[in-house]
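Computed from a prediction, not measured in an experiment: that's the story for all the values here. Positions are given from 1 along the sequence. Side chains included, hydrogens not; waters and symmetry mates left out as well; all remaining heavy atoms used.
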Amino acid sequence: MRTLDDIREEYEFLEGDERYRLLIELGRELDEMPAALKTDATLVRGCSAQVWVYPTTEGDKLHFLADSNAAITKGIVALVISAVQDRPADQVARMDVAEALAPFDLRNQLSSNRTQGVPNMIALVQEHAARIAAA
């Protein structure tokens, strides 16, 4: 998975539909999420499309699996995940993910339907991180 800085660098050079294509590409780059993990427990509430996020750990670092049934939404969740992927759980729990995503100006780049679930995606990722960090 690309780093958030790499994605931002590319994103800044693109406009309109090219940014949508980048998001779709990011969604395609997500690790495969097994169907068995797409449950009510991993579903992100408040999204216009279905979005699932599942945390795994590799040593002291979090690794998230995520998926969506909509291509652009899958790209948005990939963007959220890229901000936190493979970082220590305690760092993710304290991180200002919304601030890390601010340069993408998603609210002005995408329809409100597509961005309404972003805070819920961030909250779910951080809840998982806090729970794992406390264990």
Side-chain angles (χ1 to χ4, degrees):
M1 176 172 255
R2 300 182 222 184
T3 68
L4 194 60
D5 288 337
D6 289 342
I7 297 167
R8 184 176 60 241
E9 191 174 299
E10 185 174 352
Y11 192 83
E12 288 173 352
F13 286 104
L14 303 175
E15 294 181 14
D17 287 348
E18 294 170 327
R19 288 182 170 180
Y20 282 113
R21 280 192 283 281
L22 175 60
L23 287 173
I24 292 168
E25 186 179 315
L26 291 174
R28 289 183 182 138
E29 292 174 7
L30 282 172
D31 293 340
E32 184 71 28
M33 184 176 190
L37 296 178
K38 296 176 189 175
T39 66
D40 197 50
T42 61
L43 187 67
V44 179
R45 309 277 182 239
C47 294
S48 59
Q50 290 183 300
V51 176
W52 300 271
V53 175
Y54 182 81
T56 64
T57 54
E58 295 178 5
D60 70 333
K61 297 187 178 175
L62 283 174
H63 186 84
F64 288 92
L65 299 177
D67 200 359
S68 176
N69 65 341
I72 292 174
T73 304
K74 187 172 179 175
I76 294 168
V77 74
L79 192 61
V80 171
I81 297 301
S82 70
V84 300
Q85 194 72 298
D86 300 325
R87 294 179 185 252
D90 61 336
Q91 181 184 0
V92 173
R94 293 188 320 266
M95 188 176 174
D96 188 344
V97 179
E99 181 63 29
L101 297 175
F104 294 92
D105 194 24
L106 294 175
R107 288 201 188 282
N108 290 319
Q109 301 296 321
L110 303 168
S111 69
S112 61
N113 251 13
R114 290 204 169 105
T115 59
Q116 70 185 7
V118 173
N120 296 356
M121 290 177 204
I122 293 169
L124 184 64
V125 163
Q126 291 193 295
E127 287 167 14
H128 285 312
R131 189 183 71 247
I132 291 167

Working to the nearest 0.5 Å, report the span between [atom1] of [X] and [atom2] of [Y].
| X | Y | atom1 | atom2 | value |
| --- | --- | --- | --- | --- |
| D96 | I122 | CG | CD1 | 8.0 Å |
| T3 | E9 | OG1 | CD | 8.5 Å |
| R8 | E10 | CZ | CD | 13.0 Å |
| E12 | D105 | CD | CG | 11.5 Å |

Less than 4.5 Å apart, any side-chain heavy atom of [X] and any of [Y]?
| X | Y | value |
| --- | --- | --- |
| L65 | L37 | yes |
| M121 | T73 | yes |
| L26 | S82 | no |
| T56 | L62 | no |
| K38 | Q50 | no |
| Q85 | H63 | yes |
| V80 | L101 | yes |
| F104 | L4 | yes |

Cluster link [X] to [Y], ILVMFWY, side chain under 4.5 Å:
| X | Y | answer |
| --- | --- | --- |
| I132 | M33 | no |
| Y20 | L14 | yes |
| V97 | V44 | yes |
| W52 | I24 | no |

Do you know which two heavy atoms are closest between [X] and [Y], and how far apart they sit?
| X | Y | answer |
| --- | --- | --- |
| C47 | G117 | SG-CA, 3.6 Å |
| E99 | P103 | O-CD, 3.6 Å |
| A93 | A129 | N-CB, 3.7 Å |
| G27 | K74 | O-CE, 3.0 Å |

Partner of F64 under side chain to side chain contact (heavy atoms under 4.5 Å, CB included), chosen from L124, I81, D86: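 The residue from L124, I81, D86 that satisfies side chain to side chain contact (heavy atoms under 4.5 Å, CB included) with F64 turns out to be I81.
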
Assess whether atom CD of E18 is packed by more than 12 heavy atoms of other residues, nucleotides or ligands within 6.0 Å.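 More than 12 heavy atoms, drawn from other residues, nucleotides or ligands, come within 6.0 Å of this atom.
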
For R28, is the CZ atom crowded, meaning more than 12 foreign heavy atoms sit under 6.0 Å from it?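 It does not: R28 CZ has 12 such atoms or fewer within range.
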
For side chain to side chain contact (heavy atoms under 4.5 Å, CB included), just list the numbers for V51 and N120, CA-CA rounded to whole Å, side-chain angles, deciding distance to a tenth of an Å, and then say yes or no. CA-CA 10 Å; V51 176; N120 296 356; over 6 Å; no

